Amino acid sequence: MDKFLTFTIVGLSTAAIYSVIASGLVLTYTTTGVFNFAHGAAGMLAAFCYWQFHFDWGWPTPVALVVVLLVLAPLFGVLLEMVIMRNLEGTSETTRLVVSISLLVAMIGLSVLIWKPDESRPMARFFQSSAPISVGPTTITWHQMVTLLTAVAVALGLWLVLTRMRVGIAMRAAVDDRNLTMLTGARPRRVQMLAWAIGTALAGIGGILIAPGLVLDASSLSLVIVSAYAAAIFGRLRSLPMTFVGAVVVGCAEGYLQGYLPQSPFLTGLRTAASVLILFVVLLVLPNPRLRGRIRSREFFPAPTWKGALGFAAAMVAGGVILATTLSRPDLITYGQVFSLGIVALSLVPLIGFAGQVSLCQLSFAGIGAVVMAHLGGGGNPLALLWAALIAGGVGALVALPALRLSGIYLALATASFAIVLDRWLFLLPRLSVFGLFEVSTFNQGSLSVDSLTIFGASFADPGRQMILMSVLFALAALLVVWVRRSAFGRILVAMKDSEAACATLGIDLFGTKLAVFALSAALAGVGGALYATQLGSISPGNFDFVTGLPVFMMTVVGGVGMVGAALFCTVSLYAVLPLYSALLPSIARYAVVLPGLAGLSLARNPGGAVQDVREGFLPLRTSPPAIGATVGIVAGLYLLRMLDVLGNWPFAVLLIVVPMAANAAVQGLSRPEKAEEPGADVPLEWRGIVRPWTEADRIELDQALGVNEVEIHGAT
Amino acid sequence: MARLEVRDLTVRYGGHVAVDGVSLDAEAGRVTGLIGPNGAGKTTLFNVVSGLLPTQRGKIFLDGRDVTRMNPSRRARRGLARTFQRLELFSMLSVRDNVRVAVDSRRSWSRDPGTAADATEELMGRVGLTELADERVDALPTGQARLVELGRALATRPTVLLLDEPASGQDDQETRAFGGLLGEIAASGVAVVLVEHDVGLVMRACDHVYVLDFGRVIASGTPEEIRHDEAVLAAYLGTGVGVRT
């Protein structure tokens, strides 16, 4: 009984922290419609600031608390609302997701930048030196007491604000209908800013209360708070009372697991993964949403042509050969990941780009592929790649099976929680025997060594040969994705992204289709992960964890996830441009950690993606075969000069970039006079009258496009 | 026998009853009209019949078989197809590929002669879209976009076809041509159910008309009978409130 009481108190004080954090999340979600993945990171930053002021600079506790919670956190919240969240109105759910994940990554980057991660930063609990208070047979610490009282105060305060104060009522009204709220004289903008200020301050309170019990570490602190998301999901992200109930369920579950779970290496991870498991389960039992109708979005991805795809594949292989023959051995190892992780990024293209299904656990599937390669690919057996595809694909289908009822933010959370369960529990398990029939093992509680591939007796241990092999496999994977897009299955995927309702009324099996694309995507990620593992030689769970996977997701979406080029954009920017930048400018290399986050934040402006812009920019060159021939010829010549050591690596690299751009500009310059003579027939309707004079023919076309009867408007009188 | 039978169907949104005990029949080879003022429950009825919305009470039969609990996809495979008032086209696909998706879907559960590509071209010819085959559907005027939805619905070779305001956005000439097309479709043995605000088209094209108001059938009969029905006139012109009870 004493033990039960002790762990009830532990559970309740955890619940208190979760409820504070989750209520902040609910507040911002309901008033702005943005699920803030960076909410936990805001709490993390608050904890770091508090540590800095109080423990490092020695400010008194009240001063430090006031500065962090009443000044910095609300200001930060207002800043977020003004600079980022405000622009997200009317954007797709994927865009909002990427922006808030980018914010998470940028904030983790920022804290690493300010507070070097390898230092220890002990944080004492509140009133640590005071003796605990006895409650019957057990005791309660002052820190726990403060935590519980804070939660009660927050609950009361929120209730007062939302039901008794004008601004709170306006806040609730803004949730229902912003425009209507504006008509009644309230100012939703101000209300939203206030919601972000309060929400961020609540995250701050949670961060400061939870940090002393953990290590002050940026990414783990940002993610511990994922447990609070489970509480928020109990309230379906809308109801504050249910959120408090959810917090008690999650907190107590964690408390009792801590007290009663038997000591076993198989169950250690379960303690930390429990809340995420609860999140996963709660997501699955949420009521089934209706089939959604058509979503209007600004994104459009043209279907790829075979000519373009083959050109892309050839360019990839050529790129692989050039890299393999010009780079030094250490550089080959540094940049070698571009193609193998490119396949992982490529796996997002059919899933998100074609089918519109979000997954935040692709790198986890890659991890599964890597583990399979380590266990079954002894001696570099390429057959293990097939196993990696099958097993990762199977796991993908298993994860998808329950998760497919979900969409948007719920699907993102479900896949994220799967990734975290792998990180915290399944990837840390020792070897496990299933009913004595067969053994399942993941990383065997450490790291695994992986042999490099040997195909038909040819070894690919040399980084140069490896690079060429990877570029060929990446090109093949890209062709596979193009083939999928051009097949009947691909058309169904694209159709499903547009309107699930219409697909269902055409007799399309939505469930089977989603399952198939999830399995395909997971299989592709598994192969990518397996290949990556053969390059690394030794793998550990850290190579494939949730936070490491986020930039891959973000940059592929930023690249324009409907096109295979986006995968290349993603890995080139993450694994070639960033390391290159760090190598060139070591003095500011530290700032590189925030760059992917910033790139993601730009997405709100350009939802079509960066690759699309590049494609359009190079349109003159792409449509002129002689110019393509000439460019390839010049590049080949430059390569020859490089091989003969006439050119060094740097001039060669610069010329490789300059030559296509110059050729493009030349073609454009030559073709411009012809273009000017063309009539403005291809001017989009909305630009006529602006870029050229308005004509009668335009009026008729506009009437037709609007579907209005000419007589109705013009001839009725 | 009626291809589609709806019996005593009721749909509630919270306290609001959108469809209230509606029964209707649609027979093979005929165009059945469904008219009524805005908010009468026409689109809701289509959503329930096609399975996109659940029903609280009542039954739906396709060719005598109860489909009330089936999901939309299985109903489609049993011969039910529809178009949407608020267009639900696949904007990332061309006109041809919009139709092709439906042809491929049909072929995933049924063996049809010929190739999918030929079937697609034939359908586009039938609804008059051949010249627009490579256009993006987003670029089409509403009237033609509705034809794409019709072609897509026909591609599943339905026995019951629900058309939700297919003529809105068409000009007079297009509407006349469309009326002819409707007749052809019905003549091929399909039971067509037409929701339409263009009363002229309804009177010309329909064999039988149901009038819905406040979720209830207030009249049914031939176009001629409906034209003179007092309850219908009251519902449309707003004279007298007795019809609402």
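What you are looking at is a predicted structure, and each value in this text was computed from that prediction instead of being measured. Lettering follows sequence order; numbering is per chain, from 1.
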Taking distance alone, no hydrogens or angles, what donor-acceptor pairs closer than 3.5 Å link side-chain atoms of residues 119-131 of chain B to residues at least two apart or in another chain?
unit_1 : atom_1 : unit_2 : atom_2 : d
B:T120 : OG1    : B:A116 : O      : 2.7
B:E121 : OE2    : B:R96  : NE     : 2.8
B:T130 : OG1    : B:G125 : N      : 3.4

Whatever's closer than 4.5 Å to a heavy atom in chain A on B:R74 counts as neither
Axial cation check for B:F90 ring with B:R152, 6.0 Å and 45° limits
yes
Interatomic distance, CZ@B:R7 vs CG@B:D66, rounded to 0.5 Å, equals 11.5 Å
Whatever's closer than 4.5 Å to a heavy atom in chain A on B:T156 counts as side chain
Among residues 157-167 of chain B, those lying within the under-4.5 Å heavy-atom range of chain A are none
Report yes if the side chains of A:Y410 and A:L237 come closer than 4.5 Å at any heavy-atom pair, otherwise no. yes
Side chain to side chain contact (heavy atoms under 4.5 Å, CB included) test vs A:M563 passes for just one of A:L568, A:V611, A:V349, A:T556, namely A:V611
Result block: side-chain N/O donor-acceptor pairs under 3.5 angstrom for residues 486-496 of chain A, not counting sequence neighbours:
unit_1 : atom_1 : unit_2 : atom_2 : d
A:R486 : NH1    : A:P304 : O      : 2.8
A:S487 : OG     : A:V484 : O      : 2.7
A:S487 : OG     : A:F489 : N      : 3.3
A:S487 : OG     : A:G490 : N      : 3.2
A:R491 : NH2    : B:D104 : OD2    : 2.9

Starting from the C-alpha separation in whole Å, work towards a yes-or-no answer on side-chain contact (heavy atoms from CB on, under 4.5 Å) for B:D198 and B:F178. CA-CA 12 Å; B:D198 186 334; B:F178 184 75; over 6 Å; no
Cut-off 4.5 Å, heavy atoms of chain A, and the answer for B:L80 is backbone
Given B:G169, B:S50, B:A139, the one with more heavy-atom pairs under 4.5 angstrom with chain A than any other is B:G169
Taken in chain and number order and not counting sequence neighbours, the residues that satisfy salt bridge (charged side-chain N to carboxylate O under 4.0 Å, His left out) with B:D20 are B:R216
